[in-house]
There are 2 protein chains.
Amino acid sequence: MKTEKISELTTNRLSVYLRCLSELESAGIETVSSQTLAEQFNLNSAQIRKDLAYFGEFGVRGVGYYVKELRRHLQQILGLNVERRIAIVGVGNLGLALAKYQGFNRDAFRLVALFDDEPSKIGTRAANGLEILSTERLPEVIERETIEIILIAVPAFAAQQVLDRVTEAGIKAVLNFAPIVLNPKPGVKVKNVDLSVSLESLSYFLVHPSEEAVTANHLDLFRIASVENGQAI
Amino acid sequence: MKTEKISELTTNRLSVYLRCLSELESAGIETVSSQTLAEQFNLNSAQIRKDLAYFGEFGVRGVGYYVKELRRHLQQILGLNVERRIAIVGVGNLGLALAKYQGFNRDAFRLVALFDDEPSKIGTRAANGLEILSTERLPEVIERETIEIILIAVPAFAAQQVLDRVTEAGIKAVLNFAPIVLNPKPGVKVKNVDLSVSLESLSYFLVHPSEEAVTANHLDLFRIASVENGQAI
DNA sequence: AATTGTGAATTCCTTCACAGCC
DNA sequence: GGCTGTGAAGGAATTCACAATT
């Protein structure tokens with residue numbers, strides 16, 4: 001186990017590996033090689049071994065990795081062995097969809113609060129039964145509910161102010177859906193999910209198709225682990 | 001203008017620059033330097049000049065870039081001078097939210113069709129008036145409506161099949177929200193938006209806060225250009 | 001025989017630093 | 001003087017390739 005800094009590219013991939021391991025475990029598969037994993041993701045097998053080797057020697061030469069054991073390690077590395085309490089700020093279409101979203105690990109992440117500015121929304125309840133609270137109450141509720149991660153789903157013009165407020169309240173991790181580049185205080189991690197950037201970048205590739213090939217594509221973002229129940233997500 | 005391959009990191013940044021230029025133009029600002037732009041995004045100014053120089057010499061030494069002109073160039077480079085017709089497959093919470101989403105450039109991207117498998121949904125209309133069509137009709141409608149970009153918002157287990165079908169119908173650009181790594185055919189560009197990966201990666205940073213600093217964070221994804229109307233997105 | 005863990009090589013991306021131009 | 005465009009340098013991420021291990 002080394003003490004180098006781990007890149008975000010690596011942590012993103014660890015999450016992808018974990019999802020795959022969960023599937024393998026469900027399927028009753030006991031061991032897996034870096035080569036087999038690599039084929040699933042169009043990655044190089046050495047990449048996977050390197051990613052894992054940052055955190056320890058989890059493999060067995062000549063055998064591969066024990067699925068159950070590696071899965072447990074990855075959960076621990078990613079901090080998914082404890083429940084992370086999250087809240088959504090901005091209960092528009094997107095905020096509501098996120099609130100109802102089933103695609104993320106419900107054991108690891110628990111949605112405990114919804115916030116909005118709009119007086120007509122405050123006090124009403126979303127489909128999942130959570131009351132929509134005034135953003136005035138962010139500091140109080142973040143503390144009382146021990147919220148660790150905030151999802152920002154407000155319009156661009158309001159996003160920086162939300163970030164500042166939740167930072168004030170001690171939040172260190174933010175997932176920002178507003179189409180704006182935020183300026184976080186040191187020690188605060190902001191990840192961005194920007195639909196416009198994704199679409200516009202796709203548009204570029206339509207105009208310049210020559211550049212394209214089959215490449216790995218988890219440098220960017222989202223994913224699920226287990227098979228869902230047949231409903232659209 | 002060179003003929004090198006352009007990395008996706010660059011195209012993502014171009015999209016971010018474009019949004020900023022639109023704001024600057026609205027604000028009546030006529031020129032901007034790479035230094036000023038760089039400060040907006042926590043980027044190095046040489047990065048911005050390099051990104052732009054792949055496509056031409058748009059700047060004026062001693063002056064900077066003409067906002068209006070550079071904006072027009074970027075729109076053209078990103079292929080946003082023509083309307084891109086898009087469709088959503090999977091009309092669950094997320095698909096519906098995407099359909100109602102106001103955050104992306106409505107001039108450049110026009111949503112023209114919704115698809116779902118669920119018999120109870122087929123034939124009904126979403127809030128925006130679009131009828132939900134059977135996924136059986138994907139090839140026919142993609143052709144008739146000249147759809148160029150597909151947003152996949154189905155559960156993980158169904159996503160690869162959707163990708164295969166739309167690929168068959170000639171689609172070259174896909175934005176995938178299903179939490180699974182897809183396997184595209186050569187020449188087909190898939191971008192991923194994976195909520196689980198984002199959240200789990202944030203969880204990692206909660207466990208290992210030492211690693212964090214103020215860094216540029218558009219390596220990943222989404223954004224808006226102009227100020228919205230005060231509603232949550 | 002198969003597969004890991006890892007130094008070395010390579011490729012890719014970013015930043016520096018400065019000549020050239022306005 | 002200020003700012004671009006870019007070659008060169010530096011740094012980061014990926015891939016190679018092989019010794020080590022079961």
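Residue numbering restarts at 1 for every chain, and letters A, B, ... go by the order of the sequence lines.
- Among the atoms of the strands shown, only primed sugar atoms or phosphate atoms (P, OP1, OP2) are found under 4.0 Å from some heavy atom of B:Ser34.
- For the pair A:Phe55 CZ and C:dT6 C1', the interatomic distance rounds to 16 Å; values are reported in whole Å.
- Here the nucleotide nearest the side chain of B:Val60, chosen from D:dT22, D:dT6, C:dC22, is C:dC22.
- Annotation: B:Glu168, atom CD; neighbour count of heavy atoms from other residues, nucleotides and ligands within 6.0 Å does not exceed 12.
- Side-chain atoms of A:Lys50 and base atoms of D:dT14 include no donor and acceptor less than 3.5 Å apart.
- When rounded to the nearest whole Å, the span between CD of A:Gln35 and P of C:dG5 equals 15 Å.
- We find that CG of A:Asn42 is positioned 15 Å from C1' of D:dT15, with the value rounded to whole Å.
- Under the 4.0 Å criterion applied to side-chain N and carboxylate O atoms, A:Arg71 and A:Glu69 are not assigned as salt-bridge partners.
- A 4.5 Å side-chain heavy-atom check between A:Ile86 and A:Val112 finds every atom pair outside the cut-off.
- Listed pair B:Tyr65 / D:dG2 fails the phosphate criterion, with no side-chain N or O lying under 4.0 Å from OP1 or OP2.
- Taking the nucleotide of DNA chain D with the nearest heavy atom to each of A:Asp51 and A:Gly62, the more 5' of the two is matched to A:Asp51.
- A donor-acceptor contact under 3.5 Å is formed by the side chain of A:Arg61 with the base of C:dT4.
- Distance, B:Tyr17 OH to D:dT4 P: 12 Å, rounded to whole Å.
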- Please lay out, stage by stage, how B:Glu148 and B:Arg84 fare under the test salt bridge (Lys or Arg N to Asp or Glu O under 4.0 Å). CA-CA 6 Å; B:Glu148 291 184 291; B:Arg84 303 271 164 208; 3.0 Å; yes

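- In this entry the distance linking CG of A:Asn44 with P of D:dA17 reads 11 Å, nearest Å.
- You'll find that the side chain of A:Ser33 is closest to C:dT3, out of D:dG5, D:dT22, C:dT3.
- Straight-line distance from the CZ atom of A:Arg49 to the P atom of C:dG5: 8 Å, rounded to whole Å.
- To the nearest angstrom, C1' of D:dG10 lies 14 Å from CD of B:Gln47.
- Taking 4.0 Å as the cut-off between side-chain N and carboxylate O, A:Lys189 and A:Glu8 count as a salt-bridged pair.
- Rounding to whole angstrom units, CD1 of residue A:Ile48 and C1' of D:dA13 are separated by 15 Å.
- At a threshold of 4.0 angstrom between heavy atoms, the contacts of B:Ser7 are confined to the sugar-phosphate backbone, with no base atom among them.
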